[in-house]
Amino acid sequence: MQDVVVIEDAAAAAASLDPLRASLLRELATPSSAAGLAAKVGLPRQKINYHLRSLEDHGLVELVEERRKGNVMERIVQATAAAYVISPVALAAVEPDPARFRDRFSAYWLLALASRMVREVGRLLVGASAAKQELATYAVDGEITFASAASRAAFAEELGAELTRLAAKYHDSQAPGGREHRLVVALHPSLKDPTPQGANLHEAGPTSTTAATGTPHQEIKP
């Protein structure tokens with residue numbers, strides 16, 4: 001079982017979002033059979049089997065072993081990952097394009113950048129997994145409480161200047177064998193209650209910052 005699998009196929013994404021199938025994936029963090037799951041969720045084994053076959057077809061569930069119980073061969077399955085992330089690739093027709101915005105103060109651009117990050121890192125993970133290699137990444141996640149909007153603006157300006165300085169120092173487009181990296185820095189209000197729904201700006205707490213690894217310095221000038 002992998003820690004995280006990024007889903008790029010639209011049909012697999014739909015399967016994972018189905019409430020019953022999502023609950024089965026949660027239960028299958030540990031191996032189980034259709035009969036065992038049926039007892040847990042209170043549904044007929046035949047119905048559970050149907051959903052398990054669909055999840056298996058989409059690569060979300062895998063066979064662990066087969067056990068004979070009397071005249072029946074019992075299939076023991078497990079989720080392929082402890083957690084799943086749906087890539088924007090699964091909704092390619094409506095995927096946000098960072099090139100359309102390019103506004104440092106736009107929440108829409110922030111979402112477009114985050115969407116691109118999920119897509120790119122997801123594909124990098126697939127390649128690294130296939131090559132049995134570790135994927136070199138770096139991320140920072142923290143919270144800052146600003147005394148005022150002015151102090152927040154000053155922080156953003158100073159952060160941008162420092163990142164530009166560091167990028168100029170280490171960026172070397174002529175290096176033989178050098179590899180480009182993408183840098184994304186985000187600053188947004190934190191949620192006191194990080195629930196997917198029902199949140200608004202009045203519930204916002206301290207501001208959080210996140211960063212992921214680098215791009216050429218021209219992309220991060222303030």
Side-chain angles (χ1 to χ4, degrees), residues 3-10 12-13 16-17 81 83-129 134-146 149 151-173 178-197 199-201 203-222:
D3 290 331
V4 179
V5 162
V6 179
I7 301 172
E8 292 192 340
D9 179 71
S16 71
L17 291 172
Y84 298 88
V85 174
I86 297 176
S87 170
V89 173
L91 298 171
V94 291
E95 179 185 358
D97 180 7
R100 290 186 57 199
F101 302 103
R102 302 199 62 77
D103 177 354
R104 291 175 302 143
F105 302 104
S106 168
Y108 299 105
W109 193 42
L110 176 61
L111 286 175
L113 293 174
S115 172
R116 184 183 64 188
M117 184 186 297
V118 170
R119 169 169 51 82
E120 292 185 349
V121 174
R123 289 191 170 179
L124 287 167
L125 274 173
V126 170
S129 178
E134 291 292 325
L135 180 61
T137 61
Y138 172 76
V140 174
D141 180 27
E143 292 193 339
I144 303 172
T145 301
F146 293 111
S151 65
R152 181 184 62 209
F155 171 83
E157 183 176 355
E158 188 173 341
L159 178 63
E162 186 62 20
L163 287 173
T164 299
R165 183 190 68 80
L166 285 172
K169 178 180 179 180
Y170 291 102
H171 175 59
D172 186 355
S173 60
R179 178 165 185 182
E180 292 184 353
H181 285 66
R182 189 179 296 286
L183 173 68
V184 176
V185 177
L187 183 69
H188 63 82
S190 327
L191 296 175
K192 290 182 179 179
D193 180 16
T195 52
Q197 297 179 349
N200 57 55
L201 293 178
E203 296 172 328
T207 297
S208 70
T209 61
T210 56
T213 45
T215 50
H217 66 283
Q218 291 86 353
E219 294 295 318
I220 60 170
K221 285 184 178 179

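Source: prediction; values computed, not measured.
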Q) So how far is it from His171 NE2 to Thr164 OG1, rounded to the nearest 0.5 Å? A) 12.0 Å

Q: Write down the atom of Trp109, the atom of Pro98, and the distance for their closest heavy-atom approach.
A: NE1-O, 2.9 Å

Q) Between atom CZ of Phe155 and atom CD of Glu162, what is the distance when rounded to the nearest 0.5 Å? A) 11.0 Å

**Q.** Heavy-atom neighbours of Glu95 CD exceed 12 at 6.0 Å
**A.** yes

**Q.** Closest approach of Ala128 to Leu135 (non-hydrogen atoms, all atoms of both residues)
**A.** CB-CB, 4.1 Å

(Q) For Leu111, is there any backbone N or O sitting under 3.5 Å from a side-chain donor or acceptor partner on Ser115? (A) no

Q | Spacing of CG belonging to Asp103 relative to CG belonging to Leu110, to within rounding of 0.5 Å | A | 11.0 Å

(Q) For the backbone of Val126 and the side chain of Ser129, can you confirm whether one donor and one acceptor N or O come within less than 3.5 Å of each other? (A) no

Q: Verify side chain to side chain contact (heavy atoms under 4.5 Å, CB included) between Ile86 and Leu17, making sure each step is shown before the conclusion.
A: CA-CA 9 Å; Ile86 297 176; Leu17 291 172; 3.7 Å; yes

Q: Quick one: pull up OG1 in Thr137 and CG in Leu125 and give me the separation to the nearest 0.5 Å.
A: 8.0 Å

Q: Compare every heavy atom of Pro88 with every heavy atom of Arg119, then report the nearest pair and how far apart it is.
A: N-CD, 4.0 Å

Q: Might you point out which heavy atoms bring Ala112 and Asp97 nearest each other, and give the distance in Å?
A: CB-C, 4.2 Å

Q. Minimum heavy-atom separation for Ile7 to Ala90, with atom names?
A. O-CB, 4.3 Å

